[in-house]
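Following: one structure in structure tokens, then a few remarks.
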Amino acid sequence: MLIQPRILKGFRDSLPEQEIEKSALIKNLVKTFESFGFVPIDTPALELTEVLLGKGGGETDKQMYRFQDKGKRDVSMRFDLTVPFARYMAQHYSEIYLPFKRYHIAKVWRGENTQRGRYREFFQCDFDMVGVDSASSDFEILMMMKASLSALGVDKATIHINHRGIFNRFLNHLGLAEKSVEVLRMVDKLTKIGREKVLQGLSEYTEKDKAELILDFIVAEDSFEKTLKKMCRLAGGPGEDSQRMEDIWAMAKELELQEGIILNPSITRGLDYYTGLVYETFLDELPGLGSVCSGGRYNNLASLYSKEELPGVGASVGLDRLLAGLDEINKNNLRKSLTDVIIFNMDPPLSGQYHKMAQQLRKQGIRCEVYPAKKKLQGQFKFAEQKDIPLGIICGVQEMETGTLNLKDLKNRESWESISLAEAIEKIIAFLDREII
RNA sequence: GUGAAUGUAGUUCAGCUGGUAGAGCGUCAGAUUGUGGUUCUGAUUGUCGCGGGUUCAAGUCCCGUCAUUCACCCCA
């Protein structure tokens with residue numbers, strides 16, 4: 001009896017073309033992160049539940065993959081990279097300098113219901129800066145979000161930012177501090193269910209006039225400045241928090257990065273450890289997909305594990321969700337392999353020669369392979385096509401004797417006949433520069 | 001976790017009120033192009049997601065289950 005090959009709900013296999021695309025994106029992200037002076041770290045996939053859960057409970061608890069290990073320890077799979085990072089910082093505090101800027105690209109697991117762009121196992125690409133609480137660091141994260149998105153080839157996206165501090169002051173001002181959780185939850189639905197319904201929902205928690213005020217507060221004006229001004233007015237005047245926003249915006253203007261960034265007072269959610277600025281990013285063409293890159297400032301995350309004050313700010317790219325989105329927007333022309341040249345097997349006794357030729361190509365940085373068996377040329381062409389290999393070398397006995405070969409552009413079916421290996425290498429390199437990204 | 005929709009050849013789909021499954025594309029073989037894009041001829045494929053039930057008879061009705069998608073919840 002055969003075992004049926006299958007995988008768990010929300011978990012996915014990755015075919016070569018998908019994995020090639022994904023690892024190329026990761027490579028670009030790493031390059032971007034490192035260009036900002038961020039360093040890589042890693043943490044275990046499995047940790048003690050008490051470490052990951054903190055004092056929390058709530059939603060996190062429900063979504064964690066939690067079980068008892070063979071030593072009867074209560075353990076859980078990490079469900080994000082930020083909480084393990086907090087533990088990491090507390091544990092390695094003495095070995096680390098501040099401010100510490102790290103990136104971490106790894107899988108996380110959440111046992112929630114699946115949907116498009118929502119999986120139970122997915123990659124997060126976190127970048128955080130801890131040890132400082134400054135406008136400069138908040139802005140740097142914002143810059144990196146933009147840089148990361150463009151490194152990923154996403155040009156149509158909007159980053160929404162907001163400051164929780166201003167909102168809290170506003171709620172205090174209204175005397176609604178205790179209801180903040182409920183209010184925030186309602187507010188967050190603005191774009192989804194619309195003005196009227198939010199108003200209706202809010203009325204359950206407070207008087208009508210206050211609900212109107214809240215609604216007024218969360219609707220963005222037509223410019224960053226105007227929105228901020230209104231928020232300040234409603235929150236009882238400017239403060240440290242609004243000053244922070246102003247500073248960040250000033251820097252954005254200085255670098256001409258305002259495009260694609262908006263101050264959106266209705267963005268409030270995010271995990272409950274955020275204390276200041278919060279970021280969320282939506283694809284312009286697929287806002288329903290949810291945020292593809294979000295984060296914020298958390299000024300006491302490590303307090304669970306350490307007495308040290310460790311303010312931090314960071315964000316996370318949801319790589320798998322983003323990929324789901326990109327695939328939907330522009331059926332990416334995925335490559336099924338990264339081979340540049342295939343050397344066809346015209347005559348098996350020449351195999352040694354073929355491998356020698358391949359080695360010479362590799363020395364020039366050309367990725368190549370030798371067709372490993374005797375087969376009709378037509379079949380070999382078919383193979384090359386399935387593997388998306390752009391160039392082929394045809395070299396039979398006669399060519400070998402005269403020291404020449406035929407190089408063929410497999411897609412356009414044009415060939416350069418009877419050229420030397422050196423000439424072929426030149427042509428291959430020129431071709432790849434032109435055709436391959 | 002709650003509510004709903006969908007699940008038919010590799011793929012996109014058809015299959016009306018129940019009567020033992022079909023098309024395009026693809027794939028494969030042969031012929032013809034000096035080394036495959038054309039053309040011609042022929043061929044191929046399905047536990048109708050899975051498991052039960054109703055019925056003389058189920059892809060078609062009922063129940064369960066799994067997966068996907070949508071909404072809620074939450075989030076990347």
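A, B, ... follow the sequence lines: proteins, then strands. Residue 1 opens every chain.
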Is NZ or CZ of A:R102 both nearer than 6.0 Å to the six-membered ring centre of A:F85 and within 45° of the ring axis? yes
Do the numbers put A:R12 on top of the ring of A:Y119, so that NZ or CZ is under 6.0 Å from the six-membered ring centre and no more than 45° off the axis?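 Satisfied, under 6.0 Å and within 45°.
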If we take the [atom1] atom in both [N] and [M], what is their distance in whole Å?
{"N": "B:G7", "M": "B:G19", "atom1": "C1'", "answer": "24 Å"}
{"N": "B:G64", "M": "B:C56", "atom1": "C1'", "answer": "26 Å"}
{"N": "B:G30", "M": "B:A9", "atom1": "C1'", "answer": "24 Å"}
{"N": "B:A21", "M": "B:U47", "atom1": "P", "answer": "13 Å"}
{"N": "B:G49", "M": "B:G10", "atom1": "P", "answer": "13 Å"}
{"N": "B:A23", "M": "B:G15", "atom1": "P", "answer": "15 Å"}

[X] side-chain N/O to [N] phosphate OP1/OP2 under 4.0 Å:
{"X": "A:R116", "N": "B:C70", "value": "yes"}
{"X": "A:Q115", "N": "B:A71", "value": "yes"}
{"X": "A:K189", "N": "B:C73", "value": "yes"}
{"X": "A:K9", "N": "B:C66", "value": "no"}
{"X": "A:S294", "N": "B:A76", "value": "yes"}
{"X": "A:R118", "N": "B:U69", "value": "no"}

In whole Å, I'd like the distance from the [atom1] atom of [X] to the [atom2] atom of [N].
{"X": "A:L184", "N": "B:C75", "atom1": "CG", "atom2": "P", "result": "11 Å"}
{"X": "A:F344", "N": "B:G34", "atom1": "CZ", "atom2": "P", "result": "18 Å"}
{"X": "A:Y273", "N": "B:A76", "atom1": "OH", "atom2": "C1'", "result": "11 Å"}
{"X": "A:N113", "N": "B:C66", "atom1": "CG", "atom2": "P", "result": "12 Å"}
{"X": "A:E399", "N": "B:U35", "atom1": "CD", "atom2": "C1'", "result": "11 Å"}
{"X": "A:I26", "N": "B:A76", "atom1": "CD1", "atom2": "C1'", "result": "14 Å"}
{"X": "A:L283", "N": "B:C75", "atom1": "CG", "atom2": "P", "result": "19 Å"}
{"X": "A:L289", "N": "B:A76", "atom1": "CG", "atom2": "C1'", "result": "9 Å"}

I'd like to know if [X] and [Y] make a salt bridge, using a cut-off of under 4.0 Å between side-chain N and carboxylate O.
{"X": "A:E47", "Y": "A:R87", "answer": "yes"}
{"X": "A:D133", "Y": "A:R244", "answer": "yes"}
{"X": "A:E259", "Y": "A:K146", "answer": "no"}

Measure up the A:F127 and A:F38 rings against each other and bin them: parallel (under 30°), tilted (30 to 60°), perpendicular (over 60°).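 If you compare the ring of A:F127 with that of A:F38, the planes turn out perpendicular.
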If you look at every heavy atom in A:R321 and A:G117, which pair is closest and at what distance? NE-O, 3.0 Å
Which dot-bracket notation, 5' to 3', represents the base pairing of RNA chain B when pairs are defined as Watson-Crick or G-U with both distances under 3.5 Å, crossing pairs as [ ], and inter-strand pairs as |? (((((((..((((........)))).(((((.......))))).....(((((.......))))))))))))....
Looking only at N and O atoms, is any donor in the side chain of A:E280 or the base of B:A76 less than 3.5 Å from an acceptor on the other one?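 It does not, because no donor-acceptor pair links the side chain of A:E280 to the base of B:A76 below 3.5 Å.
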From A:L319, A:D320, A:T82, A:L81, residue fulfilling side chain to side chain contact (heavy atoms under 4.5 Å, CB included) relative to A:Q124: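 Going through the options one by one, the only one that passes is A:L81.
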What one-letter contact string describes nucleotides 25-33 of chain B from 5' to 3', where B marks a base within less than 4.0 Å of any protein heavy atom, S marks contact via sugar-phosphate atoms alone, and - marks no contact? ---S-S---
Under 4.0 Å, counting only non-hydrogen atoms across every strand here, what does [X] touch: a base, just sugar-phosphate, or nothing?
{"X": "A:T114", "result": "sugar-phosphate"}
{"X": "A:G111", "result": "nothing"}
{"X": "A:L410", "result": "base"}

Quick one: list whatever passes salt bridge (charged side-chain N to carboxylate O under 4.0 Å, His left out) with A:R362, sequence neighbours left out. none
